[in-house]
Amino acid sequence: MSDIDTHTEGGTGSADVDAVVIGAGFSGLYMLHRLRELGLSVRVFEKGDGVGGTWYWNRYPGARCDSESHIYCYSFAEELHEDWEWSERYPEQPEILAYLQFVADRLDLRRDIEFETEVTSATYDESSSTWTVETADGERVSTRFFITAVGCLSKPFRPDFDGLDDFEGEWYHTARWPDEEIDFGDDHVGVIGTGSTGIQFISEVGGRADHLTVFQRTPNYAVPARNRPLGDEEYADIRANYDDIWERARDSRLGMPFDWEQHTAFNLSDEEIEEVLEERWQQGGFRFLHAFEPGYILSNAEINETISEFIREKIREKVDDPETAEKLVPTDHPYGSKRPPMDYNDYYGTYNRDDVTLVDVDEAPIEAFTPDGIRTADDHYDLDTVVFATGFDAMTGALLAIDIEGRDGQTLEAKWEAGPRTYLGLGIHGFPNLFTITGPQSPSVLTNMPMAIEQHVEWIADCIAYMDEQGYDRIEATEDAETQWVQNTNMLAENMLFSEAKSWYRGANVPGKTQVFTPFPGGLDNYREICDRVAGDDYDGFELDRVDDAPTVEGR
C-alpha cells in the first residue's frame, strides 16, 4: 500500500491524487514517468504482482514478440537503449519482461505502483469534477484524471465448451500461463487455436509432447520471422543510427522503420513481382509486408491475392502431406486483413512429424469435452492436457471489465452496447477527464505498439500540461467529434481489405459481441498528424471547462 492518504470526502472539491493509471505494462510505466515529469502525483494500480502487462501474463512456451527487438522498446530516453542490449532479432517473453523490469528500476517507478490490486470500478462525480476509483479490496481513491493503460489484448477469451468441467486432465489458457515450467513429455496435448499465439506454442511444443493434436479453427498466413542472434557489430550499427530509426518509425504507417521495395506493382511483370516477394520473404517478418507500400497491399485486392497465393504456395512446399497442406492454406481472407502471424520455429514443418495431428474443426466442430479428451463431430481424441490459444476479448474487453460510470450515471458498457465510440481513441463523450491509451479507434494493434503507446502517452501528458497552464479543470470529447471520428474509422476500414475478414479486429472471435472494426486503419503517421493538429487547434473536438469548485490534490 502507498503511504498517500486515500480518504476522500465526496463533493468537497478535493482529490487524493492528480492521476490514477490502470496497468503497469508499456503504457502504464511510460504514463507514470511522463506525469511525474510534470510534477503531478500519480498512483498506478496493477493486477499482477509485477510490471510487464502483456508480457507478465503471457508466459506460455514460445511466447515472442513479432516486432523486431530494437524497435520494440522505448525511444524517449537515450539512456535506456544505450544501457540495454537485446540478444535476438525477435525477443522472447522473459527478455521483454526483464526489459520492462529494467526500465521500472532505472526510472524508479515501482514506488508509485500498487501491485496485486485489481480496479473494479471508476465513477465520475460532476460536482467535484473528480473520479473515484475503487479496488477489489475496497480501497477508494479520488483523482482529477483517470487513465486506462489496460492493453488491447489483455482479457483472455475462452470458448464455452460443453463438458469442460468434466475433463479430468489439465487445461491452460496461454494468456494466464502459470509461472512455472510444465513438462509435456509424457502427455497427449491438445491445442485449440492457430493464431499468432497458437503458432508460437505449437512450434515450441511439437516434438516435446508425446503427441500434439492441433484443433484449427481457421488457417493463417505465417511468414518466416528469420530470427537470429544479434551480433555486437550489428548492435553497434543500430545504436549509431537510432535517431534515424526512431524518426522513420514515427513517420511510418506501421510504426516500423522499413522501406518498401516498390510503392505499387503498377507496370511490374509477374516475374518482377515474384522477385520482390521472394526477396522480402527471405528478409522475413514485417519486412515482407513492406514488399509494397502496406496501405496499397491492404487496399488493392489484385496485388493482395497475388501475395496471398505466393504464401499459399510456400505453405504447400513446406508440408509433405498434400491433404494436410490444404488444411493449412488460408483461403477465407486476404493476407494482412487479420493480424499477420510470424513463423519463428518452422511452424509448417511441425506438421510433417508423426507425433503431430491436425484437426480441422471447421469441417468437424468440437462438440464437447469428455473426461478423457475432446469429441468432435466425427471422432474422439484422448488428451491429458488441453491448451486454449483462443486469444482475447480484444480492444474493449479489459475496459468493460471495469464498471466505469461517467456523467449522468451513464456506464461505458451501456454507451458501447452497439460497439465502441471514442474520439481519436483517446477520449469518450460523457466521460470527462478519462483518457484511454491505445483505445478503440486508435492505430494501436495495427502498429508496432511501443510507437503507438509513446504517441498516446505524450499527447495525454501534453494535454494535461496545457490544461494546468490554461487553468482548465475538465476536458471531454464532444458528441459530434466522436461521431465523426467513428464514422471516419469505419469508412476507412470498409474501403480496405479488413472488411473481408472475420477477425478479432472486429470482435468476430467472441460470440455475441457487436462486430465493428475497432482499430484506426489510416496509419500511425496520418493519425499522429491528426492528433497534433487537434492539439495545435486548442484541442479541437474537445470541450474544456473551468469549474468553480475545482478539485485540488490533498497536501499540495
K.L.:
Hey, do the aromatic rings of W84 and Y74 have their centres closer than 6.0 Å?
P.N.:
no
K.L.:
Which of these, F26, Y527, F520, sits in a ring pair (Phe, Tyr, Trp, His ring centres under 6.0 Å) with H456?
P.N.:
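Of all the options given, the one that passes is Y527.
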K.L.:
Test the R59-Y56 pair against the cation-pi criterion, namely NZ or CZ under 6.0 angstrom from the six-membered ring centroid and within 45° of the ring axis.
P.N.:
yes
K.L.:
Centroid-to-centroid, Y99 to W55, below 6.0 Å?
P.N.:
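No, the ring centres sit 6.0 Å or more apart.
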K.L.:
Salt bridge between R239 and E78, side-chain N to carboxylate O under 4.0 Å?
P.N.:
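Salt bridge: no.
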K.L.:
Side chains of S308 and N304: any donor to acceptor distance under 3.5 Å?
P.N.:
yes
K.L.:
H33: what forms a ring-ring contact (aromatic ring centres under 6.0 Å, His included) with it, not counting sequence neighbours?
P.N.:
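Per chain and number, H33 pairs via ring-ring contact (aromatic ring centres under 6.0 Å, His included) with F76.
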K.L.:
Is R312 paired with E305 through a side-chain N to carboxylate O contact shorter than 4.0 Å?
P.N.:
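R312 and E305: salt-bridged.
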K.L.:
Take atom CD of E82 as the centre, draw a 6.0 Å sphere, and report whether it contains more than 12 heavy atoms from other residues, nucleotides or ligands.
P.N.:
yes
K.L.:
Do T447 and R253 get their side chains close enough for a donor-acceptor pair, meaning under 3.5 Å?
P.N.:
no
K.L.:
Among residues at least two apart in sequence or on other chains, which ones pass ring-ring contact (aromatic ring centres under 6.0 Å, His included) with H429?
P.N.:
none
K.L.:
Any Lys/Arg nitrogen of R528 or D251 sitting under 4.0 Å from an Asp/Glu carboxylate oxygen of the other?
P.N.:
no
K.L.:
Who are the ring-ring contact (aromatic ring centres under 6.0 Å, His included) partners of F517, not counting sequence neighbours?
P.N.:
F498, Y505
K.L.:
Is a salt bridge present between K327 and E363, judged by a nitrogen-to-oxygen distance below 4.0 Å?
P.N.:
no
K.L.:
Hey, do the aromatic rings of F310 and W281 have their centres closer than 6.0 Å?
P.N.:
yes
K.L.:
Side-chain donor-acceptor pair under 3.5 Å between N241 and D237, yes or no?
P.N.:
yes
K.L.:
Counting the benzene-type ring for Trp, do Y344 and Y90 have ring centres under 6.0 Å apart?
P.N.:
yes
K.L.:
Give a yes or no on this: more than 12 heavy atoms of other residues, nucleotides or ligands lie within 6.0 Å of atom CD of E479.
P.N.:
no
K.L.:
So, W459 versus F542, ring centres under 6.0 angstrom or not?
P.N.:
yes
K.L.:
Have E95 and S87 got a donor and an acceptor in their side chains that come within less than 3.5 Å?
P.N.:
yes
K.L.:
Do R506 and S499 pass the side-chain hydrogen bond (donor to acceptor under 3.5 Å, both in side chains) test, and can you show the C-alpha distance, the side-chain angles, and the key distance before you say yes or no?
P.N.:
CA-CA 9 Å; R506 291 182 170 275; S499 61; 4.9 Å; no
K.L.:
In plain terms, say whether R34 and E454 are close enough for a salt bridge, that is, a side-chain N and a carboxylate O under 4.0 Å apart.
P.N.:
no
K.L.:
Under 4.0 Å between a Lys/Arg side-chain N and an Asp/Glu carboxylate O for R248 and D259?
P.N.:
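Salt bridge flag = yes for D259 with R248.
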K.L.:
Could you check, using the six-membered ring where one of them is a Trp, whether Y221 and H333 have ring centers closer than 6.0 angstrom?
P.N.:
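They qualify: ring centres under 6.0 Å apart.
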K.L.:
Are a donor atom and an acceptor atom from the side chains of Y60 and Q200 found within less than 3.5 Å of each other?
P.N.:
yes
K.L.:
Using a strict cut-off of less than 4.0 Å between a Lys/Arg side-chain nitrogen and an Asp/Glu carboxylate oxygen, indicate whether K513 and D393 qualify as a salt bridge.
P.N.:
yes
K.L.:
Less than 3.5 Å apart, any donor N or O on the side chain of E88 or N227 sitting next to an acceptor on the other?
P.N.:
yes
K.L.:
Which residues pass the salt bridge (Lys or Arg N to Asp or Glu O under 4.0 Å) test with E272, sequence neighbours left out?
P.N.:
none
K.L.:
Considering only NZ, NE, NH1 and NH2 on the basic side and carboxylate oxygens on the acidic side, decide whether E204 and R208 come within less than 4.0 Å.
P.N.:
yes
K.L.:
Got a salt bridge between E275 and R280, using NZ or NE/NH1/NH2 to carboxylate O under 4.0 Å?
P.N.:
no
K.L.:
Are side-chain N/O atoms of Q484 and Y423 paired as donor and acceptor at under 3.5 Å?
P.N.:
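The criterion, which ignores hydrogens and geometry beyond distance, is not satisfied for Y423 and Q484.
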K.L.:
Holding to salt bridge (Lys or Arg N to Asp or Glu O under 4.0 Å), I want the full list of residues that pass it with D232, two or more places apart in sequence or in another chain.
P.N.:
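Salt bridge (Lys or Arg N to Asp or Glu O under 4.0 Å) list for D232, sorted by chain: empty.
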K.L.:
So, for F292 and H263, is the gap between ring centers shorter than 6.0 Å?
P.N.:
no
K.L.:
Taking salt bridge (Lys or Arg N to Asp or Glu O under 4.0 Å) as the test, write out the residues that go with E317, two or more places apart.
P.N.:
none
